[in-house]
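For reference, the structure is listed below as structure tokens.
Each residue takes its place number in the sequence, starting with 1. Side-chain atoms are counted along with the backbone in the values below, which use heavy atoms only and exclude waters and symmetry mates. As the structure is a computational prediction, the values presented were derived from the model and not from experiment.
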Amino acid sequence: MKQIDSEDSIIVPNDTPEDNSASSMQPVMSNLSIEEHQSENEPVEQEQADAKDPLLSKYHLACQQGDLATVKEMIENGVIDLKHDYDDVERVSGLHWASINNRLSVVRYLISKDVDVNFQGGELNATSLHWAARYGYVYIVDYLLEHGADPSVTDAQGFNLLHLSINSSNIMLVIYVLFFVIDDKLDIDCVDPNGRTALLWAAYQGDSLSVETLLKFRASVKATDKGGFTPLHWGTVKGQAQVLKHLIENGADFFQKTADGKNC
């Protein structure tokens, strides 16, 4: 069984307008982030974390594996305090582990017990919503939102629900967020700390379906990041022809220059 030590969120260097090479867009994993991608149905296990507290380890493993009977038993017998069901160092709750492993029955149960759905933990100070979105789990995202999860909350990198949904490249989740979250709670052109919009990230990822869908929802094709890069600039870096086609057909300027004077 592959091991996950914490959430799989992308970490982007704090580049400046003078440091906008393609490498500045590359994901860099933290020591506590996912080291390998699991298949959709493969549970995430944490064998080393919580080693000093075997009961907490057992509870977290049950959340990861979707073992609702064990989760219920430990909570209802008072073995686990849901107001503090995490290690003080990593601060990863049972709801985090259930969410990143697509364990809807456990998520439902924990929320029924009034856990803090917006609790932020892990190295990236992310919510359970962030973890679920990063893996494209539509049902988990929907349930968390219906029960008070705040899509505007950002993690330590400044990424919110929309950014992480795009990062998942799950078009169904992207469509869900665009229909039910954008305009109401998030702007489609909201930016991360480097000025990058969802469309810019989708173009960089070479994700033509997400690019096409974002454009249909009127995402700005002319938005620029701190280095003056447009979605078309980053789409050119990736070189996915269908992405470039969508962007140019929707008004992207092939000759627009970056802050350091480079066009596409």
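With 3.5 Å as the limit, one finds no donor-acceptor pair spanning the side chains of His84 and Asp81. A donor atom on one side chain and an acceptor atom on the other are found under 3.5 Å apart for Ser169 and Gln205. When only modelled atom types and interatomic distance are considered, Tyr59 and Asp85 share a side-chain donor-acceptor pair under 3.5 Å. Between the side chains of Ser99 and His96, no donor-acceptor pair is found at a separation under 3.5 Å.
The nearest pair of heavy atoms linking Gly66 to Val106 is CA-CG2, 3.8 Å. When all heavy atoms of Ile140 and Ala132 are compared, the closest pair comes out as CG2-CB, 3.5 Å. Of all the heavy atoms in Ile166 and Ser210, the pair that sits closest is CD1-CB, 4.1 Å. Residues Gln256 and Lys222 come closest through the heavy atom pair NE2-O, 4.4 Å. Looking at every heavy atom in both residues, Ser93 comes nearest to Ser128 through OG-OG, 4.3 Å. Leu200 and Phe229 get closest at one heavy-atom pair: CD1-O, 3.5 Å.
Rounding to the nearest 0.5 Å gives a distance of 9.5 Å between CG of Asn160 and CG of Leu129. In this structure, CD1 on Ile171 lies 6.5 Å from CG on Asp207, to the nearest 0.5 angstrom. Residue Glu249 holds its CD atom at 11.0 Å from CG of Leu244, rounded to the nearest 0.5 Å. To the nearest 0.5 Å, the span separating CG on Asn263 from CZ on Phe255 amounts to 7.0 Å. Between atom OG1 of residue Thr213 and atom NE2 of residue His246 there is a gap of 8.5 Å, rounded to the nearest 0.5 Å. Here the CD atom belonging to Glu90 is positioned 9.0 Å from the CD atom belonging to Glu123, to the nearest 0.5 angstrom.
Side chain of Gln120 to backbone of Asn125: a donor-acceptor contact under 3.5 angstrom is found. Side-chain atoms of Lys226 come within 3.5 Å of backbone N or O of Pro193 as a donor-acceptor pair. Formation of a donor-acceptor pair under 3.5 Å by the His147 side chain with backbone atoms of Tyr143 is found in this model. Listed for the Asn194 side chain is no donor-acceptor partner under 3.5 Å among the backbone atoms of Asp225. Counting only distance, with no hydrogens or angles, the side chain of Asp142 and the backbone of Val138 share no donor-acceptor pair below 3.5 Å.
Proximity of Thr70 to Lys58: side-chain heavy atoms (C-beta onward) are separated by under 4.5 Å at one or more points. With contacts defined as side-chain heavy-atom distances shorter than 4.5 Å, the pair Leu199/Val211 qualifies. Asp187 places none of its side-chain heavy atoms less than 4.5 Å from the side chain of Ile182. Between Asn167 and Arg134, the closest side-chain pair of non-hydrogen atoms falls below 4.5 Å. With contacts defined as side-chain heavy-atom distances shorter than 4.5 Å, the pair Pro151/Lys185 qualifies. At a threshold of 4.5 Å between non-hydrogen side-chain atoms, the residues Leu145 and Tyr176 count as touching. The closest side-chain heavy-atom distance from Val237 to His233 is not below 4.5 Å. Side-chain contact check for Thr197 versus Leu162: every heavy-atom pair is 4.5 Å or farther apart.
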Check the pair Leu110 / Val115 against side-chain contact (heavy atoms from CB on, under 4.5 Å), numbers first and verdict last. CA-CA 6 Å; Leu110 292 175; Val115 295; 4.2 Å; yes

Show, in sequence, the C-alpha distance, side-chain angles and deciding distance for Asn102 and Tyr135, and conclude whether the side-chain hydrogen bond (donor to acceptor under 3.5 Å, both in side chains) test is met. CA-CA 9 Å; Asn102 204 22; Tyr135 265 64; over 6 Å; no

Stepwise side-chain contact (heavy atoms from CB on, under 4.5 Å) test for Trp131 and Tyr137: CA-CA 9 Å; Trp131 284 35; Tyr137 295 142; over 6 Å; no

Could you give me the CA-CA distance, side-chain angles and deciding distance for Ser152 and Leu186, then say whether side-chain contact (heavy atoms from CB on, under 4.5 Å) is met? CA-CA 6 Å; Ser152 67; Leu186 286 175; 4.0 Å; yes

Does Val107 form a side-chain contact (heavy atoms from CB on, under 4.5 Å) with Leu144? I'd like the steps, not just the answer. CA-CA 8 Å; Val107 169; Leu144 292 171; 4.1 Å; yes

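Under the 4.5 Å side-chain contact rule for hydrophobic residues, Leu173 and Val153 do not share a cluster. Using a 4.5 Å cut-off between side-chain heavy atoms of Ile, Leu, Val, Met, Phe, Trp and Tyr, with links allowed through other members, Leu164 and Val191 fall into different hydrophobic clusters.
No option in Asp53, Leu56, Val92 other than Leu56 meets the side-chain contact (heavy atoms from CB on, under 4.5 Å) test with Asp87.
Aromatic ring centroids of Trp201 and Trp234 lie 6.0 Å or more apart. Phe119 and Tyr86 have their aromatic ring centers within a separation under 6.0 angstrom.
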